[in-house]
Each structure stands twice: as structure tokens, then as C-alpha cells.
K.L.:
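Pasting a structure here, questions to come.
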Amino acid sequence: MTALAHIEACIFAALDTLKANGTLPSDIDTRNVDLEPTRDAAHGDLACNAAMVLAKAARRKPREIADALVGLIAADPMVVKAEVAGPGFINLTLAPSAWQATVGEVLGAGLGYGRADLGAGGKVNVEYVSANPTGPMHVGHCRGAVFGDALANLLAFAGHDVTREYYINDAGGQVDVLARSAFLRYREALGEAIGDIPEGLYPGDYLKPVGQALADAFGNSLLGEDEAQWLPKVRGIAIDAMMAMIRDDLAALNVRHDVFFSERALTQGAKDEVAETVGELRAKGLVFEGVLEKPKGHDADDWEEREQTLFRATAFGDDVDRALLKSDGTYTYFAADMAYHHNKLARGFRHLINVFGADHSGYIKRMQAAVAALSGGEADLDIKVCQLVRLLRAGEPVKMSKRAGTFVTLREVVDEVGRDPVRFMMLYRKNDATLDFDLAKVVEQSKDNPVFYVQYAHARVHSVMRAARDAMPHVDLSSAAIRTADVSCLTDAGELELLKRLALFPRLISGAARVHEPHRIAFYLHDLAQLFHGHWTRGNDSPHLRFIRPDEPSVTLARLAMAQSCAQVIASGLAILGVGAPEEMR
RNA sequence: GCGUCCGUAGCUCAGCUGGAUAGAGCAUCUGCCUUCUAAGCAGAGGGUCGCAGGUUCGAGUCCUGCCGGACGCGCCA
């Protein structure tokens, strides 16, 4: 148990005592009681807000409650100082041994240090990327892909049973356009001069290999067929090719999924799941025939009022009711997406997370309405919106036009700057803030670039390990020896600061996982690396602070244990972000 | 017109489900390599947390209204 967890338990035990002796009402709500690290060292190591939070309900002054709590908490051997400060904070200072024990916690648990059991193994479904299978992924997809992947890693680390999904939009008009575009490339592959790609078709060269593959597979036999005959064949092959390309791109980013779920399969499987879902909602009285108002805000010349089949989304917080059928009688995209989420629920998921791009933020309410309706309020859907990425090169925006085929692909960016910098930079920002991504700076490998800063801290630990083995060949520096080192000599302020930060890692994990914010890991790692570099350099002026003390093997061992603890926490944090932890940076 | 998100140092951004004197990086300035990797460190300057109210022991954080920016709003996907 970490020092933090111990003190927290101690506080709640004290609260129970106060409830038992009548100082506090026995039914008082203690959910807002929090123990947090102090920002100012003058306030000790940890501060607790219990007295202020409980004062009102207990009808007592904060300081009265605080004094009573302090009396009980101060008895704990781990606490060397407990005092009431300010409006009623309880400031605690812990014995160095409490922080030193962190080393044993970290090295003892190995890469499991910081794991939580938030979900009690409960199932969580995280859907991310879900890019249309009509072309290569562009940089816009990159952020959502990395974010979703890291979030899934984080939730798994925090004790959830995570399924990572990609929804393939392979049923709409766009994949028919893809098929027609590929068919043109097929004719080209057979020697026909196709000229410019007509407006409305996908112009990119990436379809040329598909055209060639079609020519190889079918010869010229498709040329004599009607579109109705060749389109399904071409479409299937083209979608498969696009998905293969997308999977390759994702693999280059180290992004993976457990399930690739086909929209088309919803209606073409053994049963029509879309019809089933709509039927179920109809049975609940949530489907009706109605007329929608003309939407505002832009030209809707071709708008005609007509009665259509609607889902009563407004009953679940959406702004308007949503259409389920198009005028041609086929289902809308939304109807299929409802069926997809119905399918997720049927597979037992009660916690759903979708990662959207900013351009889909208008879709949030209706999806949450859908899940609420389909699950009868039993399931929750959190939607994380990733804001746009502005791609720059040396401060200048990179011009992109999908129409002209000049958009920058995800693959180009990964190839240019590398996987780790891309991933780290995408996560070194809150998901709902826009992000400037400068290709020139990210490759610079300078202090402009936090990923190298963090990786460097990790590499330095391994460097010092190598140097220690050279400097002290006769001392047992095995991992077993380090793990069991006597760390009571780690009393320097810089050392204690590092140990405290390491002790906060489990708290960070559970906090980040609870609010679905992987970027917190990135910032924590940067902070930890900062403390580490600072302590390292202090050894320049003060040789007695160096990790390697040839005259003092036991001190060396303790410091190496601390360094290893830092490296290990950095490695597990980076693993959650999907970023490598190199042992040297050369 | 409506909805969502954003507005914090010159720039890019953190601020941990409301906590104490608002932080980091970059940029600027001053120092530190005969040394475990200087891809590093120490220090300085830099703020009306968009504006105005409200909620309470306490607001950058929550509520309301404005201002400014981004995105979205039809049977597209």
C-alpha cells in the first residue's frame, strides 16, 4: 500500500471514530473528502479538506473538526507532523521512511505498479478511428486514433476489460463512389485512356493498384456488365483494399483494434439488425411519423417538408427528432449506427466510449439519446471529441485540399517524424483543445520536443546503470540486489521529491482513467522527467548527490533503486501512451 | 438563429470531479560541460485567468448573461 493510500485509509478511519463518538453525524456524506498533494512545501506533504467539507452538515466549525481529526491522525507512526491551517486544512508531513517505501512498492510491483481496479474487470467498449474506407487516412484521423488507443490502454491499466473497435462505414453512398472510382482505374489498367477523373469521384493514385488488381482478377469481363452487376464486386474488393491500407497505416502508428465491425453486416447478416432495432424502438413508442422543420443557418433550397419516420430523440435530450428512413426507403446512417450500438449493448457492454473528430460533434446528443433509449438508461456513452490538428511546417500552415488530392496522409507524417513524436505530441494536449502540430519542430529533437525530454530521462537511468557496472565491478548490482536495497539513506530533498512524485502515480492513473483523459499521463511524465533531470544535474555541483558513489556501495544501491523506480514508472507511463522507452538516445 | 467546445504569461498550453501566494515549455536575459550523455540544469523578468454578475468558508474551475474564436446543425457519412 502506498503512503498516500495508507494516509487516506487513516483519515477515513478517523472519520469513522468521530462518527462513532458523536462529533460527526453518523450519516454524514464524506464523498467530497479529498487528500491531495500540496503545492507549497510549507503546507507539508499532503493536505486534507475534510473539516471544511463536513463543517456545514456537521453544524460545527471547520477548525473544531480539524482539531479532532488531527488528534487521531497524528497518532499514526507515518505522520511526523499534523497541523490545522488556513480555513481548516489539515496539513500532514510524513516521515521520510513513508516516501522511501515507494521504491519497494514500485520495484516490487514491476510494470504492475499503478494498476488500478476501477472497473472491477467490467467491460468497456472504446470505438475510435472508424474512418470511411474510401482512401488513406489523413492527419485529421491521427489524433483520434492515438487518443483512442491510449485511452484504451489507460482503461485496461486501470482494471477495465477493454474492447477496441473500429466501425467500418461500408454501406453508404460513399463506398459506391469508391467502387465507381476504382472501376475507372480498372478501365485504365486495361489500357483505356480515362483522362481527368470526373468531379465526384475519388482522384487519388492510391486506387490505381486496385484497378490493376481488378484487371488481374476479372480480365475485361466487367466491361460488358451493367453497373448494377459489377458494382458490388468492385466495391467489395475496393473496400478490402482500403481497409488493408488503413490497417497498415494504423500499424505504423502502433494503433490496434480488437474488432472491425462492418456496417453492411448489420443488414446483410442472418437477420436485419437495423430493422430489428427500429422495431424495438417502435415497440417502446419511440418511433413515429412526423414532419421536421426546415433547418436554419444555411441555404436549404432543396428542402421540402414531408412526413418521415423519426426517432423521438428529443425525449432523451436531443434538439430535434432524427430521421430513420430516407426518401428512397433505405435506412439513414443514423439508423444503422443505432443498430450498431444496439449490437454493442447486446454483447454485454454497459460502458461505451466513442472518439469523434470535431466535425462530428453535432452527432453527440443523438447518439447519447440512442444509447439511453436502447438500454433503458442502463448504459452510458461518453463521447470524447478530438479537436482539429493544424498542421504546420516551421510555423507556416500546410495547405491541404482533399479535392486536389494534396492532403497530407497520416502515413506521410509518421514516416517523416516518427511514431513516438507523433503519438506523444497528440497526447500532450487535452483532447478538446485544438492542436498545432509543427512538422519542423517535432523532428528537431530539441527541448522544444517533450517526447525526447521524457525518453531521455529514461535513457539516463539505463546509462547510469551501465556506468555503475563499469565503476563498481565487484558490487552486486543485480536487479534482485537493487530491489532489496536499504533505501533509508535517500533523504536529500531532491530524492524525496522524486519519491513523492512516484508515489502519486497510482493516483494519477485512477484519476486519468476515471475522466478518460490520457493527456494527464503525458504531463505527469514530463514533470517526473523534469524532477529527474534536475536531481541528476545537481550531482554536477554536488558530487555527494551522484547516483554512483564508488566508496559507498550501499548508498549507490539505494540510489540506483530510486533511479530504476523512475525509469520503470516512465516506461509504464509511456507504454500507456504507446510511446517507446529507449535505453539510449544516441 | 440554435447547439457543443475553446478563451489562463509575448507564443503554445497545463491546472488533478471547488482548495491556500495561478504553473510548465518556448522566446528574452544571466550563469553552469577536466563531470553518471549539456537532447541537461540553476536563476530573472513576464498575469485584471475574455468581460460582468451570482452560488459559498473558498471560484481559473460551478451557474446566468454578454464579447471573441473554432466546429457543427437537412434523407450525406
Side-chain angles (χ1 to χ4, degrees), chain A residues 31-32 34 36-40 42-43 47 49 52-53 55-56 61-62 85-89 91 132 134 169 171-175 263 292-298 300 302-304 306 308 318-320 323-328 330-334 336-337 357-365 385 387-388 428-430 432-436 438 441 444-450 452-453 455-457 459-461 463-468 470-471 504 507-508 511-512 514-515 517 519-520 522-524 526-527 530 533-541 543 546-548 563 584-586:
Chain A
R31 276 178 304 180
N32 289 327
D34 195 23
E36 52 183 32
T38 57
R39 213 170 1 202
D40 187 340
H43 298 144
N49 64 354
M52 294 172 294
V53 169
K56 197 168 194 178
K61 290 178 180 168
F89 287 104
N91 290 337
N132 290 335
T134 55
N169 302 138
Q174 292 195 9
V175 286
E263 178 186 359
L292 288 179
E293 283 180 23
K294 177 174 173 174
K296 296 179 175 175
H298 48 216
D302 53 345
W303 175 264
E304 49 184 295
R306 69 175 187 89
Q308 49 189 340
D318 199 0
D319 306 318
V320 292
L324 296 173
L325 289 174
K326 302 186 224 172
S327 57
D328 65 0
T330 60
Y331 291 109
T332 60
Y333 176 79
F334 176 61
D337 212 0
D359 53 341
H360 283 71
S361 57
Y363 205 66
I364 295 174
K365 283 186 180 178
V385 174
Q387 281 296 335
L388 303 180
Y428 198 60
R429 197 116 316 181
K430 213 164 34 179
D432 50 14
T434 52
L435 165 64
D436 288 345
D438 196 312
K441 281 189 176 174
E444 223 170 59
Q445 307 205 351
S446 71
K447 36 195 160 184
D448 246 1
N449 194 341
F452 289 99
Y453 186 82
Q455 289 180 321
Y456 184 37
R460 267 186 158 169
V461 173
S463 163
V464 82
M465 289 303 300
R466 291 188 292 268
D470 287 347
L504 290 177
R507 186 181 195 270
L508 169 88
R514 198 176 51 240
V515 295
E517 291 186 354
H519 77 275
R520 292 189 190 185
F523 282 95
Y524 170 87
H526 191 267
D527 286 349
Q530 194 160 36
H533 288 309
H535 187 66
W536 172 287
T537 311
R538 238 166 273 138
N540 288 346
D541 296 333
R546 291 183 193 173
F547 291 92
I548 301 171
E584 54 184 344
M585 301 292 281
R586 298 194 187 281

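Order of the sequence lines sets the chain letters (A, B, ...), proteins ahead of strands, with each chain counted from 1. Worth saying up front: this structure is predicted, and the values here are computed from it rather than measured.
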K.L.:
Look at the rings of A:F523 and A:Y428 and say which category their plane angle falls in: under 30° parallel, 30 to 60° tilted, over 60° perpendicular.
P.N.:
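Because their plane-to-plane angle is under 30°, the rings of A:F523 and A:Y428 count as parallel.
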K.L.:
If we ignore hydrogens and angles and just use 3.5 Å, is the side chain of A:H533 paired with the main-chain N or O of A:Y453 as donor and acceptor?
P.N.:
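Side chain of A:H533 to backbone of A:Y453, a donor-acceptor pair under 3.5 Å: yes, one is there.
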K.L.:
Give the stems involving RNA chain B, where a stem is 3 or more consecutive Watson-Crick or G-U wobble pairs (i with j, i+1 with j-1, and so on) under 3.5 Å.
P.N.:
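So the stems come out as B:1-7 with B:67-73, B:10-13 with B:23-26, B:28-32 with B:40-44, B:50-54 with B:62-66.
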K.L.:
When you compare B:G10 with B:G50, how far apart are their P atoms, in angstrom units rounded to a whole number?
P.N.:
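Their P atoms lie roughly 13 Å apart.
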K.L.:
Applying a 4.0 Å non-hydrogen cut-off, can you work out what A:T332 is touching in the nucleic acid: base, sugar-phosphate, or nothing?
P.N.:
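Counting heavy atoms under 4.0 Å across all strands, the contact made by A:T332 is with sugar-phosphate only.
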K.L.:
Looking at B:C36, does its base get a donor-acceptor pair with the side chain of A:R466 below 3.5 Å?
P.N.:
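It does not, because no donor-acceptor pair links the side chain of A:R466 to the base of B:C36 below 3.5 Å.
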K.L.:
Just checking A:N132: base, sugar-phosphate only, or nothing, at a heavy-atom cut-off of under 4.0 Å?
P.N.:
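The answer is sugar-phosphate, as A:N132 gets under 4.0 Å only of primed atoms, P, OP1 or OP2.
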K.L.:
Between B:U37, B:C41, B:G19, spot the one nearest the side chain of A:Y453, thanks.
P.N.:
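Of all the options, the side chain of A:Y453 is nearest to B:C41.
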K.L.:
In the 5'-to-3' direction, what one-character label does each nucleotide of nucleotides 3-14 of chain B receive under the scheme B = base within less than 4.0 Å of a protein heavy atom, S = sugar-phosphate only, - = no such atom?
P.N.:
S-SS-----SSS
K.L.:
With a 4.0 Å cut-off on heavy atoms, is A:Q455 in touch with a base, just the backbone sugar-phosphate, or nothing at all?
P.N.:
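The residue A:Q455 makes no contact with any strand.
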K.L.:
Looking across every strand, which nucleic acid part, if any, lies under 4.0 Å from A:N91 by heavy atom: base, sugar-phosphate, or nothing?
P.N.:
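Base contact.
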K.L.:
When you compare B:C63 with B:G45, how far apart are their C1' atoms, in angstrom units rounded to a whole number?
P.N.:
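About 38 Å, rounded to a whole number of Å.
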K.L.:
Side chain of A:R538, base of B:C41: donor and acceptor closer than 3.5 Å?
P.N.:
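For A:R538, whose side chain was compared with the base of B:C41, there is no donor-acceptor pair (under 3.5 Å).
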K.L.:
Check for a donor-acceptor pair, side chain of A:D432 on one end and backbone N or O of A:V385 on the other, with a separation under 3.5 Å.
P.N.:
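Checked: no pair found.
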K.L.:
Taking 4.0 Å as the cut-off, does a side-chain nitrogen or oxygen of A:R460 come that near to OP1 or OP2 on B:U37?
P.N.:
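Result: no.
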K.L.:
Looking at the angle O4'-C1'-N9-C4 for a purine or O4'-C1'-N1-C2 for a pyrimidine, is B:C33 syn or anti, with syn meaning within 90° of 0?
P.N.:
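B:C33: syn.
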